[in-house]
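First up is the structure itself, then whatever we jot down about it.
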Amino acid sequence: MKYWLMKSEPSVFGIDDLAAAPKRTSCWDGVRNYQVRNMLRDEFAVGDLAFFYHSSCEVPGIAGIVEVTKQGYPDHTAFDRKHPHHDPASTPDNPRWYMVDVRLKQRFSRVITLDELRVHAAGKLRDLLILRRGNRLSITPVDGAHWKFINSLA
DNA sequence: GCCAACGTTGGC
DNA sequence: GCCAACGTTGGC
C-alpha cells in the first residue's frame, strides 16, 4: 500500500464537497499533467491512502485523509466537449487522461497548515515533496515516515 | 532536438 | 494581483 498527497482548490472541490458526496466518494478528475497521469494510471491501488490538501486558499494545508476505492481509469471529463477539462486529444478509444475514485476516510479536527509543515522542513519532514521549492505536481507520493509524522501532528 | 513564447500553478 | 517556477507548444 502506498501513501499520497492530493491537492485540490477548495473553491473548486474541497473536503466539504467530498464529505457531502454520495458514500463520501468521488472521482478525482481533471489531472492534465503526464507525470501525475502516470501515477494515477500505473501506481495507484485500491486501499492506498492520501492526504487531502487544500491549495490556493486562505489557509493552505492538509484537511484530512482519503482512501482510494477505484484504481486508475479513463477520465471521462476529457471526452465531454462542454466540460472545462475537455481535451479533444483524448478519446474513449485512446484515453490520454486518467482518474481514480477516493472516499473520505478521516477529516482532521483542524487543518494541518502549510506553515506548520514547514516548521519541520529541515527535520522530520525533510524531503517531503510538497515542501520542495518549485514543486507543482498536484499529486505526490508520501513516504511512510512522513505519513506517520503528519498524522501525529493531527 | 533546440529554445523562445506562452500558459499554469500556487503561495503570498 | 504579483511573480517565481515550472510544463507545454510550435517554429525552425
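Lettering follows sequence order; numbering is per chain, from 1.
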Length of the line joining A:Arg132:CZ and C:dC6:C1', which is rounded to integer Å: 11 Å
Spacing between A:Asp87 atom CG and B:dT8 atom P, to the nearest angstrom: 13 Å
Minimum heavy-atom distance between A:Gly47 and A:Glu67, given as atom pair plus value: CA-OE2, 3.8 Å
Spacing of A:Gln35 atom CD relative to B:dT8 atom P, expressed in whole Å: 19 Å
Candidates A:Trp147, A:Phe44, A:Phe51 - the one meeting ring-ring contact (aromatic ring centres under 6.0 Å, His included) with A:Tyr3: A:Trp147
Whether A:Trp28 and A:Phe13 hold their rings parallel, tilted or perpendicular, with breakpoints at 30° and 60°: perpendicular
Partner residues of A:Tyr98 under the ring-ring contact (aromatic ring centres under 6.0 Å, His included) criterion, sequence neighbours left out: none
For atom CD1 of A:Ile139 and atom P of B:dT9, their distance in whole Å: 13 Å
Flag, side chain of A:Asp17 to backbone of A:Gly14, donor-acceptor distance under 3.5 Å: yes
Please tabulate the protein-to-nucleotide N/O contacts below 3.5 Å involving nucleotides 10-12 of chain B, giving atom names and distances.
| residue | atom | partner | partner atom | Å |
| --- | --- | --- | --- | --- |
| B:dG10 | OP1 | A:Lys7 | NZ | 2.6 |
| B:dG10 | OP1 | A:Arg136 | O | 3.3 |
| B:dG11 | OP1 | A:Tyr53 | OH | 2.8 |
| B:dG11 | OP2 | A:Ser56 | N | 2.8 |
| B:dC12 | OP1 | A:Arg118 | NH1 | 2.6 |
| B:dC12 | OP1 | A:Arg118 | NH2 | 3.4 |

Salt bridge (charged side-chain N to carboxylate O under 4.0 Å, His left out) involving A:Glu116 - partner list, sequence neighbours excluded: A:Arg110
Residue pairs, two or more places apart or on separate chains, that pass ring-ring contact (aromatic ring centres under 6.0 Å, His included) and touch residues 105-144 of chain A: A:His120-A:Phe149
Rounded distance (Å) that lies between atom P of C:dG7 and atom CH2 of A:Trp97: 13 Å
Within residues 74-84 of chain A, residues whose heavy atoms come under 4.0 Å of DNA chain B: none
Separation of C:dA5 C1' from A:Asn33 CG (nearest whole Å): 14 Å
side-chain hydrogen bond (donor to acceptor under 3.5 Å, both in side chains) contacts in which one or both residues fall within residues 68-82 of chain A, not counting sequence neighbours: A:Arg32-A:Asp75, A:Arg32-A:Thr77, A:Tyr73-A:Asp101, A:Asp75-A:Thr77
